[in-house]
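Residue numbering restarts at 1 for every chain, and letters A, B, ... go by the order of the sequence lines.
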There are 2 protein chains.
Amino acid sequence: MRRGVIEFCVLALLDRREHYGFELVQQLSRADGLLISEGTMYPLLSRLRRDGLVQTEWRESSAGPPRKYYRLTPTGSDALQRYRQQWELFRDAVDAIIDERQERHNESEQP
Amino acid sequence: MRRGVIEFCVLALLDRREHYGFELVQQLSRADGLLISEGTMYPLLSRLRRDGLVQTEWRESSAGPPRKYYRLTPTGSDALQRYRQQWELFRDAVDAIIDERQERHNESEQP
DNA sequence: AGAAGCTACCGTGTTACGCAAGGTACTGTG
DNA sequence: CACAGTACCTTGCGTAACACGGTAGCTTCT
């Protein structure tokens, strides 16, 4: 169901401020209906990096192992904007389909 | 982006009235953001049938080749209801994430 | 009558996403 | 010292969406 949308959500979160991977997993899992695992997140972040949508920076943590912080690039911002439009179109299209219950179609197609 | 949602939309359309495959492709493609091809639809319908969510019936057309009509089974109706709840959760979760722009988190996590 | 084009069905192979499972390493606690 | 928590990562699997190709009936045009 959420195929491709996780990428969108990650970009949206990174638009607010920079995050590290583990943190993103927690943020998204907090939201009902968006539970994801690390095995989903890290490959996704690698893809985003490979495609130049994010850039990374290692930083030490005062408690625990070092963290890899991700930040949006200009390319990433552009992609996010496109995703946003696409999402709204998509969301409204689905809502339209599931809302029109028992709509009367007078297209009885027998000539 | 629309992974898994097409199935949901097809069930929703079939909840209104029965349809044949080619018609479903056209209905969904009419909606912006839900363009799909026959190569997507027919395997999907086969899956739905295999899993008992729909039942089929061949019927002659007054113009053109015969059509295979699909109708929801009770199992399909149940699945649709579950999908509906799931979709609303999912949609609202995504909207929440992309709407809260620059939200102030006073969780500066350096102890 | 023949050719072209639309309708309507179906399957195969590829790609890529999400996930479960497993692995490494550092820090703090009992 | 062992264990739990944090934080990173990879491999392999299942499967959905798609491009592509194929079959066959009906209509239309010449």
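Comparing A:Pro65 and A:Ile6 by the nucleotide of DNA chain C that holds the closest heavy atom to each, the one mapping nearer the 5' end is A:Ile6. Where A:Pro43 and A:Pro66 meet DNA chain D, the nucleotide closest to each residue was compared, and A:Pro66 sits on the side nearer the 5' end. Comparing A:Gly64 and A:Gly39 against DNA chain D, the residue whose closest nucleotide sits nearer the 5' end is A:Gly64.
No hydrogens or angles were tested; on distance alone, a donor-acceptor pair under 3.5 Å links the side chain of A:Glu38 to the base of D:dC8.
Tested against A:Thr56, the residues A:Lys68, A:Glu18, A:Arg49 include a single side-chain hydrogen bond (donor to acceptor under 3.5 Å, both in side chains) partner, A:Arg49. Paired with B:Leu14 under the rule side-chain contact (heavy atoms from CB on, under 4.5 Å), one option of B:Val54, B:Leu53, B:Leu80 passes, and it is B:Val54.
For A:Tyr20, a side-chain nitrogen or oxygen approaches OP1 or OP2 of D:dA7 to under 4.0 Å. Contact annotation: B:Thr40 reaches the phosphate of D:dC18 (side-chain N/O to OP1 or OP2, under 4.0 Å). One finds a side-chain N or O of A:Arg47 lying less than 4.0 angstrom from the OP1 or OP2 phosphate oxygen of C:dC17.
Residues B:Arg67 and B:Glu57 are not paired through a salt bridge, judged by the lack of any N-O separation under 4.0 Å between the basic side chain and the carboxylate.
In this structure, CH2 of A:Trp58 is placed 13 Å from P of C:dA25, rounded to the nearest angstrom. Between the CE atom of A:Met41 and the C1' atom of D:dT10 there is a distance of 16 Å, given to the nearest Å. Whole-Å rounding puts the B:Glu23 CD to C:dT7 C1' distance at 12 Å. Residue A:Phe22 contributes atom CZ, which lies 6 Å from atom P of D:dA7 at whole-angstrom precision. Atom P of nucleotide D:dT15 and atom CG of B:Leu48 are separated by 14 Å, given to the nearest angstrom. A:Arg59 has its CZ atom 15 Å from the C1' atom of D:dA7, to the nearest Å. Rounded to whole angstrom, the span from the CD atom of B:Gln27 across to the P atom of C:dA8 amounts to 13 Å. Atom CD in A:Glu7 sits about 10 Å away from atom C1' in C:dC17, given to the nearest Å.
The two residues B:Leu28 and B:Ile36 come nearest to each other via the heavy atoms CD1-CD1, 3.9 Å.
Within 4.0 Å of B:Gly21, counting heavy atoms only, lie sugar-phosphate atoms of the nucleic acid but no base atom. Among the heavy atoms of the strands, none lies under 4.0 Å from A:Phe8. Using a 4.0 Å heavy-atom cutoff across all strands shown, A:Leu24 reaches no nucleic acid atom at all.
Proximity of a side-chain donor or acceptor of A:Arg84 to a complementary backbone N or O of B:Ile98 within less than 3.5 Å is detected.
Of the candidate nucleotides C:dG11, D:dC18, C:dC19, C:dG11 has the atom nearest to the side chain of B:Ser46. When distances are taken from the side chain of B:Ser37 to each of C:dA8, D:dA7, D:dA19, the shortest belongs to D:dA19.
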